[in-house]
Protein chains: 2
Amino acid sequence: MKKRDLNACPICHNLNIDDEEAFLDDLKCTFRVYAKNDLIIQQGQLCEAFYMLTIGSVRTEMVSENGNIMGIETIEAPKPIAAALLFSDNNRFQFNVIALDDVEIIVIPKSEIMRMMMTNPDFMQNYLAHNANRTQVLTSRLQLLSIKTIKGKLAHYLLEQAKNTDKPFTVSKTQSELAEFFSVARPSLARSLSEMVQDGIISIHRKVYTIIDLNKMKELLV
Amino acid sequence: MKKRDLNACPICHNLNIDDEEAFLDDLKCTFRVYAKNDLIIQQGQLCEAFYMLTIGSVRTEMVSENGNIMGIETIEAPKPIAAALLFSDNNRFQFNVIALDDVEIIVIPKSEIMRMMMTNPDFMQNYLAHNANRTQVLTSRLQLLSIKTIKGKLAHYLLEQAKNTDKPFTVSKTQSELAEFFSVARPSLARSLSEMVQDGIISIHRKVYTIIDLNKMKELLV
DNA sequence: ATGGAAGTGTAACAATTGTTACACTTCCAC
DNA sequence: GTGGAAGTGTAACAATTGTTACACTTCCAT
């Protein structure tokens, strides 16, 4: 099993934790360990503590009333899980959390988080920044999903990845993952991609994409 | 012009502000006033202070590179505008903010917000709760947008509004607003609605909707 | 190296949604 | 009350996307 590295967690940024054990002892936290595919958190469950993923990776997914499953994201250690939820008025998890590996999670009581925030300005800044960054991620994903056509979504996504240049770049998601991210069918995504290649807008080799015609690409952003 | 009521703002909940003037003086804040249709905040602008909408209402909208406009939401006083943004790593507004009425906005320096949070646990709780609630709103909107069919979106939305009952309820949005909310074309939405009425799933009279067949409704949640 | 799983390309067809246009109704300010 | 704006209903047609199926490739663990 890998070891943990709290300093790499966005919440602990700049805290300079020398002695992890002492730090954690002080927080009155508890440790939990899970194996691959374990259900860590069940949708609807109350959130009354802070969950920090310290080792491994997890997947979050929403289950609709008729059993349909929608993946949201994967989270890799070290990162908090649903840091915002702890303080929300309706503090029930809106999703399942499932272990993708061997996983360790640290559970910290809300009161301890409050205390840390009141006494440590850096920690408070980190916590707020983390929440803010998540809000931004959600907002841009919303913007993406509100684009109606698949080519439009692709243009938005690829232009962002390419940082508006015509230099080659690597897309880490597979086509299937991209299709799920866009909430469209996989063959439809493949069709759009191959049409864009035919039209000389992009080129694709494995996971390396290149935008050939920036102007045509931007026209797709209807 | 209406008057302000800070105590009604979620950020000031339970602070019991008796003397608004004194409270605001203490915060070293500045006041800004806008008329209807004024551009209050421009997309891309840096966010280096806390913006609180104290009087009136505003609309936020994103402008894509080719000039396409997408409305996000309207905010009514008293509420913060983009409270999270202040602490994010990329603290530029992702949207325009436009006055819908006569508007007053209070601008509070980041340092003052930090100070308030460190010294006033209630304020900190409020701030965190507000961010957390916004995250939840965004998450459920994401879930909504990821549903592929219009009827599915309608089912999700209306079931939530009806709180899963077959009792009549009022939908505050017009069909056009709903269509924009779902990011679909207005006539398409109208078609879906009338088909659902024909199929005996719902009934509509003006803005009062009733779910007649809860089971059929839930089947639409693909 | 090899078998199986995962990922990709593509085709035919079905289903859904968008577009455009126009008539009609409701609402509201004057 | 009246005119105009906003909201709604609906139709024909175009465009896009989904579904299903299958062949092929790549990747990876044994």
Side-chain angles (χ1 to χ4, degrees), chain A residues 36-37 59 68-71 74 100-102 144-158 170-199 201-209 216 219-222, chain B residues 36-37 59 68-71 74 100-102 144-158 170-199 201-209 216 219-222:
Chain A
K36 184 171 179 175
N37 292 328
R59 171 184 160 87
N68 200 41
I69 293 180
M70 174 208 156
T74 67
L100 290 176
D101 309 314
D102 288 333
L144 179 72
L145 280 185
S146 73
I147 297 173
K148 284 173 186 145
T149 64
I150 298 182
K151 286 183 189 173
K153 290 178 186 174
L154 277 169
H156 179 96
Y157 180 81
L158 294 177
T170 301
V171 172
S172 63
K173 292 182 193 295
T174 66
Q175 279 193 14
S176 305
E177 288 167 343
L178 259 188
E180 192 185 338
F181 190 65
F182 292 166
S183 191
V184 300
R186 201 269 310 164
S188 304
L189 182 83
R191 175 175 43 207
S192 293
L193 276 174
S194 68
E195 282 173 10
M196 287 164 77
V197 171
Q198 278 187 343
D199 294 348
I201 303 177
I202 58 174
S203 74
I204 310 177
H205 296 99
R206 307 291 162 93
K207 293 192 165 189
V208 178
Y209 291 58
K216 277 191 191 170
E219 282 170 15
L220 294 176
L221 281 176
V222 182
Chain B
K36 183 170 179 175
N37 293 327
R59 169 184 161 89
N68 201 40
I69 293 179
M70 173 208 157
T74 67
L100 290 175
D101 310 312
D102 287 332
L144 179 73
L145 281 185
S146 73
I147 297 173
K148 285 174 187 147
T149 65
I150 297 182
K151 287 184 188 173
K153 290 178 186 173
L154 277 168
H156 179 95
Y157 180 80
L158 295 176
T170 301
V171 172
S172 63
K173 292 183 195 292
T174 66
Q175 278 193 16
S176 304
E177 289 168 343
L178 259 188
E180 193 184 337
F181 189 65
F182 292 167
S183 191
V184 300
R186 201 268 311 164
S188 304
L189 183 82
R191 175 174 45 206
S192 293
L193 277 174
S194 68
E195 282 173 10
M196 287 164 78
V197 171
Q198 277 188 344
D199 295 347
I201 303 179
I202 58 175
S203 74
I204 310 178
H205 296 98
R206 307 290 162 92
K207 293 194 165 189
V208 178
Y209 291 57
K216 276 191 193 170
E219 282 170 16
L220 293 177
L221 282 176
V222 181

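Order of the sequence lines fixes the chain letters, A, B, ..., with proteins taken first and strands second; residue numbering starts at 1 for each chain. Since this is a predicted model, take the numbers as computed values, not measurements.
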(request) With the side chain counted from C-beta on, respond yes when B:L145 and B:S183 share a heavy-atom pair under 4.5 Å apart, and no when they do not. (result) yes

(request) Of all the heavy-atom pairs spanning A:F182 and A:L154, show the shortest one and how long it is. (result) CE1-CD2, 3.6 Å

(message) Heavy atoms within less than 4.0 Å of DNA chain D: which residues of residues 149-157 of chain B have one? Give them sorted by number.
(response) none

(request) Side-chain contact test, heavy atoms from C-beta onward, threshold under 4.5 Å: evaluate it for B:L158 versus B:V171 and give yes or no. (result) yes

(request) Please report the shortest heavy-atom distance between A:L189 and A:A179, naming the atom on each side. (result) CD2-N, 3.8 Å

(message) Are the side chains of B:T174 and B:K207 in contact, using a 4.5 Å heavy-atom criterion?
(response) yes

(message) Let me confirm one number: the OG1-NE2 distance from A:T170 to A:H205, rounded to the nearest 0.5 Å.
(response) 13.0 Å

(message) Using five base pairs at each end to define the local axes, how bent is the helix from C:dA1-D:dT30 to C:dC30-D:dG1, to the nearest 10°?
(response) 60°

(request) Could you check how far CD of B:E195 sits from C1' of D:dA11, rounded to whole Å? (result) 13 Å

(message) A side-chain contact here means heavy atoms from C-beta on lying under 4.5 Å apart; do A:I147 and A:Y157 qualify?
(response) no

(message) Minimum heavy-atom separation for B:K36 and B:D102, please, with both atom names.
(response) N-OD1, 4.1 Å

(request) Report yes if some heavy atom in the side chain of A:L193 is under 4.5 Å from a heavy atom in the side chain of A:I202; otherwise report no. (result) yes

(message) When you compare the side chain of B:T149 with that of B:L220, does any pair of heavy atoms fall below 4.5 Å?
(response) no

(request) In whole angstrom, give the distance that lies between atom CG of A:L189 and atom P of D:dT16. (result) 15 Å

(message) Rounded to whole Å, how long is the line connecting atom NZ of B:K148 with atom C1' of D:dT19?
(response) 11 Å

Name the pairs: protein N/O against N/O of nucleotides 5-10 of chain C, kept only if under 3.5 Å.
unit_1, atom_1, unit_2, atom_2, d
C:dT8, OP2, A:Q175, N, 2.7
C:dG9, OP2, A:Q175, NE2, 2.6
C:dG9, N7, A:R186, NH1, 3.1
C:dG9, O6, A:R186, NH2, 3.2

(request) Would you mind reading off the distance between A:E180 atom CD and D:dG18 atom C1', rounded to a whole angstrom? (result) 16 Å

